[in-house]
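Throughout, protein chains are lettered first and strands after them, A, B, ... in sequence-line order, and every chain is numbered starting at 1. As the structure is a prediction and not an experimental result, all values here were calculated from the model.
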Protein chains: 2
Amino acid sequence: MAKTKDINTENQILEAAKKVFQIKGMDGARMQEIADKAKINKAMLHYYYRSKQLLFEAVFKNAFALLAPQLNTILNDDSSIEEKVRNFTSNYISFIIKHPYLPSFIIQELNRNPEFILKLKEQKGFPNIAKFKKQVILEIEKGILKPIKGEQLFINILSLNIFPFVASPLIKAFANIDNKEFKQLMNDRKTEVANFIVNSIKT
Amino acid sequence: MAKTKDINTENQILEAAKKVFQIKGMDGARMQEIADKAKINKAMLHYYYRSKQLLFEAVFKNAFALLAPQLNTILNDDSSIEEKVRNFTSNYISFIIKHPYLPSFIIQELNRNPEFILKLKEQKGFPNIAKFKKQVILEIEKGILKPIKGEQLFINILSLNIFPFVASPLIKAFANIDNKEFKQLMNDRKTEVANFIVNSIKT
DNA sequence: ACATTTGTCAACCATTTGGTTAAACTAAAT
DNA sequence: ATTTAGTTTAACCAAATGGTTGACAAATGT
């Protein structure tokens with residue numbers, strides 16, 4: 001048997017599945033399309049992943065595993081809130097420009113099947129807001145920040161960073177801009193968003 | 001025939017279709033489920049709307065028509081930017097609490113089929129940012145606002161208001177809160193978000 | 001009263017879809 | 001050379017799906 005070959009095939013499948021699932025979602029994706037894109041027979045999909053559902057879950061977990069560490073930097077590292085905001089905003093927008101379908105994919109599929117997040121929550125490394133909340137309280141006490149609930153600040157940071165990518169067709173239409181101008185706007189946001197946030201919360 | 005009855009049926013169908021499409025999306029929705037929910041035969045769906053695609057478009061345009069006027073208030077009315085932000089934030093969040101599936105539905109389907117927005121753009125009443133941009137420039141010149149591009153401010157306003165609802169499963173998981181606490185957070189945001197924005201842009 | 005149009009339904013149809021099977025192929029181990 | 005175990009394929013299948021048909025009922029116009 002060919003140990004080298006099967007790993008290769010398995011990966012081809014996963015790559016193809018990623019592309020198809022992330023663009024079309026679970027419901028819109030077709031096993032045949034994934035097979036074609038991976039240049040293999042449809043039966044191979046089932047040989048390696050047993051069912052559409054399991055293949056999908058492999059893709060989804062993979063995608064989430066890419067996203068989670070990004071969030072954990074802002075939640076768990078030791079720099080000040082302001083530094084975190086500046087770092088996160090810059091890094092995250094660069095990250096998303098490289099993986100444009102990721103956030104809408106994850107959000108869409110979690111809306112379709114909200115219970116699925118329970119499975120993810122069990123895994124270690126799942127982002128948790130607790131430490132961040134404490135830090136916000138501390139910095140408010142120190143007089144560095146204006147009063148704000150940690151949850152609200154965190155929601156604001158996520159919203160400002162992620163939403164424009166999730167809603168890009170809408171934003172392009174409202175602002176009457178093409179892809180190039182949109183990309184420019186998003187690049188500007190690497191510093192723009194951080195300033196916007198810091199402006200609002202710093203004393 | 002029953003003129004009263006057919007209008008009734010047509011509406012029953014649209015209401016049922018709304019529910020199913022908004023939760024399951026175009027790909028996940030089933031004509032049979034819509035028929036069942038409307039308590040009619042599946043053939044009736046085609047009698048009134050010819051195809052799944054056309055029924056979907058009816059639902060989508062309907063949904064968008066609900067959303068657009070909300071945006072136009074902030075884009076086109078004559079109050080100051082600060083007043084607009086405060087008004088919009090409060091009204092919009094109330095609105096979304098009443099129609100929780102609307103924003104994710106529209107965003108999801110536009111991502112699936114971005115060309116669709118061209119059809120919407122032609123219709124009058126489609127939100128346009130031009131007037132808002134001019135107003136931002138004017139208030140900056142007057143010294144009321146700190147310098148910011150109108151596009152960025154508008155994106156920020158939308159992000160802060162809409163994203164939490166689109167990504168609610170994620171946010172509930174990260175913040176470790178249940179539906180009740182989430183609703184409370186969103187209610188707080190009616191003023192919280194406006195303050196956050198005004199804090200950041202006012203001189 | 002009667003023909004015509006409109007509305008409703010059960011049964012049906014063609015196609016697509018996820019999934020299965022059984023046989024063929026490959027390459028390493030004995 | 002033969003066995004063994006993993007890999008790949010073409011053909012197939014049952015269920016689901018969007019859509020159609022033809023019969024029939026209810027309302028309308030004349």
Side-chain angles (χ1 to χ4, degrees), chain A residues 1-63 105 108-109 112-113 115-116, chain B residues 1-63 105 108-109 112-113 115-116:
Chain A
M1 46 129 196
K3 263 270 137 61
T4 52
K5 217 174 181 186
D6 83 318
I7 284 172
N8 194 28
T9 307
E10 195 169 334
N11 221 51
Q12 267 172 263
I13 293 176
L14 201 65
E15 283 304 311
K18 235 184 251 183
K19 284 182 196 156
V20 176
F21 275 128
Q22 289 192 10
I23 292 176
K24 311 224 167 164
M26 171 67 170
D27 292 330
R30 295 290 162 253
M31 295 297 266
Q32 189 59 61
E33 189 182 349
I34 296 174
D36 292 347
K37 199 150 283 182
K39 284 169 190 159
I40 45 122
N41 192 287
K42 191 160 64 84
M44 296 295 286
L45 299 178
H46 294 93
Y47 179 73
Y48 282 101
Y49 290 91
R50 272 197 40 219
S51 70
K52 187 185 184 185
Q53 178 65 27
L54 287 176
L55 177 53
F56 170 79
E57 286 179 19
V59 169
F60 187 89
K61 282 178 187 162
N62 217 288
F105 170 65
Q108 183 190 138
E109 295 304 326
R112 196 179 56 87
N113 184 7
E115 304 86 47
F116 195 63
Chain B
M1 46 124 199
K3 261 272 137 55
T4 51
K5 218 175 182 186
D6 84 318
I7 285 172
N8 195 27
T9 306
E10 195 168 335
N11 221 52
Q12 268 173 263
I13 293 176
L14 201 65
E15 283 304 311
K18 234 185 252 184
K19 283 181 198 160
V20 176
F21 276 127
Q22 289 191 11
I23 292 176
K24 311 223 168 165
M26 171 67 171
D27 292 330
R30 296 290 163 251
M31 295 297 267
Q32 188 60 60
E33 190 182 350
I34 295 173
D36 292 346
K37 198 149 284 181
K39 283 170 191 160
I40 46 125
N41 191 285
K42 191 159 62 86
M44 296 297 285
L45 300 179
H46 294 92
Y47 180 76
Y48 282 100
Y49 291 91
R50 272 196 41 218
S51 70
K52 187 185 184 184
Q53 178 65 28
L54 288 175
L55 177 54
F56 170 78
E57 286 178 20
V59 169
F60 188 89
K61 282 178 186 161
N62 217 288
F105 170 64
Q108 181 189 140
E109 296 303 326
R112 197 178 56 87
N113 184 7
E115 304 87 47
F116 195 64

Round to a whole Å and report the spacing from CE of B:M31 to C1' of C:dT15.
16 Å

Look at the side chain of A:I40 and decide which nucleotide, out of D:dG18, D:dT9, C:dG18, has an atom nearest to it.
D:dT9

Given that A:A43 and A:Y47 both sit by DNA chain D, which one's nearest nucleotide is further toward the 5' end?
A:Y47

Side-chain N or O of B:T9 closer than 4.0 Å to phosphate OP1/OP2 of C:dT8:
yes

Tell me the interatomic distance from A:F56, atom CZ, to C:dG18, atom P, rounded to whole angstroms.
14 Å

Just call it for A:M44: base, sugar-phosphate, or nothing, with non-hydrogen atoms closer than 4.0 Å on any strand.
base

What is the separation between atom CD on A:Q32 and atom P on C:dT15, rounded to the nearest whole Å?
17 Å

Cation-aromatic face contact A:R112/A:F60, 6.0 Å, 45 degrees
no

Check this for me: does the side-chain of B:K42 come within 3.5 Å of the base of D:dG19 through a donor and an acceptor?
yes

From CG of A:L45 across to P of D:dT9 the rounded distance in Å is 11 Å

Are side-chain N/O atoms of B:Q32 and B:D36 paired as donor and acceptor at under 3.5 Å?
yes

What integer distance in Å separates B:Q53:CD from D:dG19:P?
9 Å

Interatomic distance where CG belongs to B:L55 and C1' belongs to D:dT17 [whole Å]:
15 Å

Which nucleotide in the list C:dT8, C:dG18, D:dT8 gets nearest to the side chain of B:Y48?
C:dT8

Distance from B:K37 atom NZ to B:K18 atom NZ, nearest 0.5 Å?
14.0 Å

How are the rings of A:F56 and A:F116 set to each other: parallel, tilted or perpendicular (split at 30° and 60°)?
tilted

Sugar-phosphate only, base, or nothing, as touched by A:A35 at under 4.0 Å among non-hydrogen atoms:
nothing

Would you compute the distance between atom CG of A:L45 and atom CD1 of A:I13 and round it to the nearest 0.5 angstrom?
5.0 Å

Separation of C:dC13 P from B:H46 NE2 (nearest whole Å):
17 Å

For C:dG18 and A:R30 - does any side-chain N or O of the residue sit under 4.0 Å from the phosphate oxygens OP1/OP2?
yes

Please report the distance, rounded to the nearest Å, between NZ in B:K52 and C1' in D:dT20.
17 Å

Presence of B:N41 side-chain N/O under 4.0 Å of C:dA10 phosphate oxygens OP1/OP2:
yes

